[in-house]
Amino acid sequence: DAIYDWSAYECIYAEIKQGTHQYLLNSGTWFEVEPAFRQRIENAFQAVPRRPTALPNAEADEIEENDNIRVAKDKATFALMDRKNILFPDPQNSIEFCDLYTSDRELIHVKPYSGSSTLSHLFAQGVNSGQLFAGDASFRTAVNKKLPKPYRLKRPKDPLPARTYTVTYAIIRKGTAPLSIPFFSKVSLSNAVTNLQALGYKAQIAKIEVNP
């Protein structure tokens, strides 16, 4: 027996522009975006720094976990942190520090392109991790135990100089066009970047290309 059911219409996401108007279809409901708000969000999205160097391409049909494992084979540059969750502040609460941590103090969060809810979760994950890493010495100590020795903080209990760290949101997406994400995700990204910058971090996005 079916537990849940829904129409195919509720699975469609659409963005339609007509002149100065923009309409969004999400979960079966249409929304009209106020023009000034739309422009503010678009400007904020374009203002988010792009990672200056490309991350290694993903392979076609490769799952995110395997992509991270392959990239982290470059042990001089990347430390694999995917699925090395931190149980904090208690064993019932699991926090993912990031998927890849680099020798340049970069926290990279990786997700394949998907709906706005998945991407919004990605952006919130980066903020949650960043807040704890910057503000809680106990969390930093727990993270340090998970990091490979060459990447560990020398004094994890000291205040974190967040300005020397970068949070990167890396989105795996096919095609050669510049990265584009749903409007609702742009709203979430704008809020996430604002919060990270308020903590002192540099924040940026990156598109991970997919090999044919």
Side-chain angles (χ1 to χ4, degrees), residues 48-49 51-53 55-56 58 62-114 116-172 185 188-208:
V48 176
R51 194 175 194 268
T53 56
L55 289 163
E62 183 177 44
I63 63 173
E64 174 200 335
E65 179 184 2
N66 290 346
D67 175 66
N68 293 330
I69 291 171
R70 180 172 48 78
V71 172
K73 287 181 179 179
D74 177 5
K75 296 184 183 299
T77 305
F78 298 97
L80 180 67
M81 297 301 290
D82 186 16
R83 300 178 187 274
K84 295 183 180 181
N85 290 4
I86 312 298
L87 300 179
F88 186 88
D90 57 66
Q92 304 302 316
N93 193 41
S94 181
I95 306 293
E96 186 170 81
F97 173 54
C98 60
D99 291 302
L100 296 165
Y101 181 69
T102 78
S103 55
D104 290 330
R105 294 182 172 183
E106 183 181 0
L107 289 69
I108 304 176
H109 299 269
V110 182
K111 273 286 183 290
Y113 178 87
S114 186
S116 58
S117 60
T118 299
L119 294 179
S120 295
H121 174 75
L122 170 70
F123 303 144
Q125 182 184 54
V127 172
N128 189 29
S129 168
Q131 287 176 330
L132 289 170
F133 193 55
D136 197 305
S138 297
F139 181 75
R140 287 195 297 276
T141 300
V143 168
N144 227 32
K145 293 177 181 178
K146 298 277 187 177
L147 286 168
K149 285 186 178 180
Y151 291 86
R152 288 179 184 170
L153 286 70
K154 292 181 180 180
R155 292 181 291 274
K157 293 185 178 180
D158 288 357
L160 187 83
R163 66 185 182 281
T164 65
Y165 289 80
T166 302
V167 176
T168 299
Y169 294 117
I171 300 172
I172 303 171
S185 297
S188 299
L189 175 63
S190 175
N191 292 333
V193 169
T194 298
N195 288 332
L196 289 168
Q197 290 175 341
L199 291 167
Y201 291 103
K202 294 184 285 290
Q204 60 187 13
I205 57 173
K207 178 185 177 185
I208 297 178

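These figures come from a predicted structure and were not determined experimentally.
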Side chain proximity check, Ile86 to Leu132, heavy atoms < 4.5 angstrom: no
Minimum heavy-atom distance Leu80-Ile69, with the two atoms named: CD2-CG1, 3.9 Å
Least distance between heavy atoms, Pro49 atom then Ala203 atom: CD-O, 3.4 Å
Residues forming a salt bridge (Lys or Arg N to Asp or Glu O under 4.0 Å) with Asp158, sequence neighbours excluded: Arg155
Non-neighbouring partners of Tyr165 that pass ring-ring contact (aromatic ring centres under 6.0 Å, His included), sequence neighbours left out: Phe133
Residue pair Ile172, Tyr113: steps toward the side-chain contact (heavy atoms from CB on, under 4.5 Å) verdict: CA-CA 6 Å; Ile172 303 171; Tyr113 178 87; over 6 Å; no
Heavy-atom closest pair, residues Ala206 and Leu55: CB-CD1, 4.3 Å
Any pair counted as ring-ring contact (aromatic ring centres under 6.0 Å, His included), so long as it reaches residues 62-92, sequence neighbours left out: Phe88-Phe139
Distance, nearest 0.5 Å, that separates CD1 of Ile108 from CD of Gln204: 8.0 Å
Spatial distance of atom CZ (Phe97) from atom NE2 (His109) [nearest 0.5 Å]: 7.5 Å
Thr166 and Thr102: CA distance, side-chain angles, deciding distance, side-chain contact (heavy atoms from CB on, under 4.5 Å) verdict: CA-CA 10 Å; Thr166 302; Thr102 78; over 6 Å; no
Arg163 atom CZ: more than 12 heavy-atom contacts under 6.0 Å: no
Salt bridge (Lys or Arg N to Asp or Glu O under 4.0 Å): pairs with one or both residues in residues 92-112, sequence neighbours excluded: Arg51-Glu106, Glu64-Lys111
Pair listing, salt bridge (Lys or Arg N to Asp or Glu O under 4.0 Å) test, anchored in residues 120-138, at least two apart: none
Full working for side-chain contact (heavy atoms from CB on, under 4.5 Å) between Met81 and Leu147: CA-CA 7 Å; Met81 297 301 290; Leu147 286 168; 3.6 Å; yes
With Ile205, the side chain to side chain contact (heavy atoms under 4.5 Å, CB included) member among Leu189, Thr168, Val193, Val167: Leu189
Criterion side-chain contact (heavy atoms from CB on, under 4.5 Å) on Leu122 and Ile171, from CA distance to verdict: CA-CA 9 Å; Leu122 170 70; Ile171 300 172; 4.3 Å; yes
Closest heavy-atom pair and its distance - Ile208, Pro56: CG2-O, 3.4 Å
From OG1 (Thr77) to CG (Leu100), nearest 0.5 Å: 11.0 Å
Flag, side chain of Ser129 to backbone of Gln125, donor-acceptor distance under 3.5 Å: no
Heavy-atom closest pair, residues Ser185 and Phe123: O-CE1, 3.3 Å
Pairs touching residues 79-93 that satisfy salt bridge (Lys or Arg N to Asp or Glu O under 4.0 Å), sequence neighbours left out: Glu65-Arg83
Separation between CD of Glu62 and CG of Asn68, rounded to the nearest 0.5 Å: 8.5 Å
Heavy-atom pair of closest approach, residues Gly130 and Leu196: CA-CD2, 4.5 Å
N/O donor-acceptor pair under 3.5 Å between Asn195 side chain and Asn191 backbone: yes
